[in-house]
Protein chains: 2
Amino acid sequence: MSAIGIIATLRVQPGKEAEFESVFADLAAAVRANEAGNSYYRLFKAGEAGVYKVMECYDDAAATETHRASDHFRTLGARLGPCLAGAPEIETLTAV
Amino acid sequence: MSAIGIIATLRVQPGKEAEFESVFADLAAAVRANEAGNSYYRLFKAGEAGVYKVMECYDDAAATETHRASDHFRTLGARLGPCLAGAPEIETLTAV
């Protein structure tokens, strides 16, 4: 099975950027520490103010499910939600 | 200086996918072998037929210039060009 890439686009409310970045740093650390099936997970700022993109890569579909069902994703995701200006856009890709 | 992320979107002509993927594999191997300032370079297929995305990360702006000026990028890029259906779209991001 091919690896799976994800590009997540997140729009953060004005004034919430520092809180968002702080919580996301904890999430990224937890992903790296706990998800053997994740090979890449990094947060970037886009050119547009308040827009962030997460580049992600997982070994297979099961690893993406492990990520979404993890305690750290649920707990820290719940803290990210109030920082956002809308639902995340998730683009799913297939590694070549 | 922050690391730099790039998401490159490439549209490949119908029937050119295999050639594109083969040449790109050589390019990715050359990037990994020769660019100390590159930390990520991976090709993915998008949901839309013929659309590919490259996730890239460089240590700094100088490393992106090293990439673009490299012999392998110029030589193999020239072989990728005829496979494409249009100019690549390049989105430049700043690592958080």
Side-chain angles (χ1 to χ4, degrees), chain A residues 1-12 16-32 37-61 63-64 76 79-80 83-84 88-96, chain B residues 1-12 16-32 37-61 63-64 76 79-80 83-84 88-96:
Chain A
M1 177 181 276
S2 293
I4 293 174
I6 291 177
I7 300 171
T9 302
L10 308 172
R11 290 173 188 276
V12 173
K16 297 277 194 177
E17 294 89 347
E19 181 183 350
F20 171 81
E21 292 182 14
S22 173
V23 176
F24 197 95
D26 290 345
L27 175 57
V31 168
R32 290 189 194 108
N38 174 279
S39 59
Y40 201 66
Y41 200 80
R42 190 155 185 178
L43 179 66
F44 297 88
K45 275 181 147 168
E48 187 183 346
V51 177
Y52 292 79
K53 300 215 172 189
V54 191
M55 296 192 204
E56 309 175 34
C57 190
Y58 300 87
D59 292 348
D60 51 30
T64 67
L76 294 166
R79 289 174 54 200
L80 292 176
C83 298
L84 301 182
E89 295 165 31
I90 306 295
E91 179 174 15
T92 303
L93 307 163
T94 306
V96 174
Chain B
M1 177 180 276
S2 293
I4 292 174
I6 291 177
I7 300 171
T9 302
L10 307 171
R11 291 174 186 274
V12 173
K16 296 278 195 177
E17 294 90 345
E19 181 183 350
F20 170 80
E21 291 183 15
S22 173
V23 176
F24 197 96
D26 290 345
L27 175 57
V31 168
R32 290 189 195 108
N38 175 280
S39 59
Y40 200 67
Y41 199 80
R42 190 155 184 178
L43 179 66
F44 296 88
K45 275 181 145 165
E48 186 183 347
V51 177
Y52 293 78
K53 299 214 174 191
V54 191
M55 295 192 205
E56 309 175 34
C57 190
Y58 300 87
D59 293 347
D60 52 30
T64 67
L76 294 166
R79 289 174 54 200
L80 292 176
C83 299
L84 300 183
E89 295 165 31
I90 307 295
E91 180 174 15
T92 303
L93 307 163
T94 305
V96 174

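Letters A, B, ... mirror the listed sequences (proteins, then strands); counts begin at 1.
Residues satisfying the ring-ring contact (aromatic ring centres under 6.0 Å, His included) test with B:Tyr58, not counting sequence neighbours, are B:His67. B:Arg42 pairs by the side chain to side chain donor-acceptor pair (under 3.5 Å) definition with nothing, not counting sequence neighbours.
Taking every heavy atom of both residues into account, B:Ile6 and A:Met55 meet most closely at O-CE, 3.6 Å.
Contacts between A:Glu56 and chain B at a heavy-atom distance below 4.5 Å involve the backbone alone (N, CA, C, O). Neither the backbone nor the side chain of B:Glu48 comes within contact range of chain A; no heavy atoms are under 4.5 Å apart. Only the side chain of B:Lys53 comes within contact range of chain A, judged by heavy atoms closer than 4.5 Å.
Between B:Val96 and A:Phe24 there is no side-chain heavy-atom pair separated by less than 4.5 Å.
Ranked by heavy-atom pairs under 4.5 Å with chain A, the first of B:Ser2, B:Ala25, B:Ala3, B:Cys57 is B:Cys57. Ranked by heavy-atom pairs under 4.5 Å with chain B, the first of A:Leu43, A:Ile7, A:Ile4 is A:Leu43.
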